[in-house]
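Before any comments, here is the structure.
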Amino acid sequence: MSDLIIRNATIIDGTGDAAFTADLAVTKDKIEEIGPGLNPANAAEVLDAEGLCLTPGFIDIHTHSDFSLLDHPLAHSRVQQGVTTEVTGNCGGSPGPVPDGQRPAFMEYMTDLGKAYKMRFGTDEWPWQDLDGFMDQLFDRGVSLNVAPLVGHGTLRANAMGYDPGVPDDAALKTMERLLIHEMEKGAFGLSSGLIYHPGAFAKKEELTALARIAADYGGIYSTHMRSEGKFLFEAVDEAIAVARDSGVSLEISHLKCETPVMWGKAKELLVTIDRALANGVTVNFDQYPYTAYASGFIEFFPTWAKENGTVSLITLLKNKTDRKRVMDGIIHPPAEWDNPMEGMAFDKILINGFRTAENLPLNGLSLAAIAHERNQDTLEAAFDIFCEEKGLLGMIVFAMDETDLETILRHPAGMVGSDGRSMTPLTDSDNLPVHPRFYGTFPRVLSRYVRVRQTISLEQAVYKMTGLPARKLNLKDRGLIKPGMAADLVLFDPAQIRDQASFDNPHQYPCGIRHVFVNGQAVVRKGIHTEKRPGRRLFRT
């Protein structure tokens, strides 16, 4: 007897093939049978899906939910938009490995990349030394979705070299290799890098290639937040492709975009570069979120030389009158070699969030221009002051992309959907701050704005980019498709009603139209309401 039969569903199976109507039976955590007219008497529960689409659970190939799942194990912002599996450890930052004696360097690194993590977790709350230890702590508490971890290159480098900008010597490289091998043998899905973040930005191609070769040897991927997404975008793509070519690794380019006005209109040319690599036998994919604004730490606003020793060092510079003037001069007259995130941008296009001091809380979500006006300051002086006042733990949202490029990239068959967000719960005091709406709305936004409204891609193509393709990329043999024997990670949504509601002004909003979400056969969302069940699992590379 089945545990559940879903009747009369429009099934989009994750392969990209045309939808079809059928019933589906679930027994325990697996899809048992698919076909017309399954006998409802043979099930403990029957769910009528007339008018609804049934798809595999969405696989978010790019997230930063590592630590936030400790705070928010129910993953409301994720499962309510149909995500059943998150890939964590992206952009070079993972919560392990952290061998004894390396916590100070690691925590300084995570402060820059993760902003609030250090505030929430002290060294006494970090008992793990590797990803296994972290995952054990996470899943001992229970989580509502599955997690597939990557190993962060920045984490490896921080452990081996701290913030040393130099080329690793043999001992340091062997330390990074040893730590990566340990994690890969424990089932990690690959290596990630964040080459605009320090200390990852110090790495040369040879260092990345050596580590990517280890990921390739274990059948893992190399996911990279490239060195540039602005004026040096093409050079950064060439570097990523070269690492993949020389190491043999399967390449995943993170949140592909044409950033800042100087790069607008170049998406077609960019995709030609990727097509050429594919034709030459390099395995290349990329992910993308459906918004024309990105989010990052506010530290990335500053010149490279000023931030390369981390947050504490930058604050010290900004508090010294002479050094502060040097930083200001570097922003006003940027050197040609700096990939300035504000090139061609106005200060009203950058929103600042993460304020926690009482006097600054009203500034959350305002543009940098508006903040300067509120404080009656020069814009750069205001930027420097708020960075120091908030101890560097600020984020920024920058409206830096063009929608035509976004749609061009979305049509490419090598692309997947990734939120670049993290798990949140909107009613908690600690997180009721402005965030990027992609945390809540990424997958419904693709299905509404770019499938139903703008018809940029078909519904079947969109679901493939969210399910079958990322599963194939990660070599998840039991997920991403609807067929007998696959894990019962499932989403039921109304294709006419699905819609993102999260906005830049009001981001903590669940989407419309997602009726039911199942993780490993258990309902985590019923009729749009979270059931508070925690059936998620730590997934292992096979």
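Counting begins at 1 with the first residue of the sequence.
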Can you check side-chain hydrogen bond (donor to acceptor under 3.5 Å, both in side chains) on Ser193 and Thr224, steps first, answer last? CA-CA 5 Å; Ser193 66; Thr224 180; 2.8 Å; yes

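Side chains of Thr425 and His72: a donor on one and an acceptor on the other come within 3.5 Å. Using modelled atom types and a 3.5 Å distance limit, the side chains of Ser419 and Asp60 yield a donor-acceptor pair. No donor-acceptor contact under 3.5 angstrom links the side chains of Tyr222 and Arg213, judged on distance only. Looking at Ser65 and Glu86, their side chains do bring a donor and an acceptor atom within 3.5 Å of each other. Checking Thr292 against Glu403 by side-chain atom types alone, no donor-acceptor pair falls below 3.5 Å.
Using a 4.0 Å cut-off between charged side-chain N and carboxylate O, Asp405 and Lys266 make no salt bridge. By the 4.0 Å N-to-carboxylate-O rule, Asp169 lies too far from Lys174 to be salt-bridged with it. In this structure, Glu389 pairs ionically with Arg375, as a charged nitrogen and a carboxylate oxygen lie closer than 4.0 Å.
A cation-pi geometry, defined here as NZ or CZ lying under 6.0 Å from the six-membered ring centre and within 45° of its normal, does not hold between Arg227 and Phe232. Cation-pi geometry between Arg438 and Tyr291 is not satisfied (NZ or CZ under 6.0 Å from the ring centre, within 45° of the ring normal).
Within a 6.0 Å sphere centred on CG of Asp170, heavy atoms belonging to other residues, nucleotides or ligands number 12 at most.
With ring centers used as reference points, His508 lies under 6.0 Å from Tyr440.
Heavy atoms only, all atoms of each residue included: Pro362 and Ala358 are closest at CD-O, 3.9 Å.
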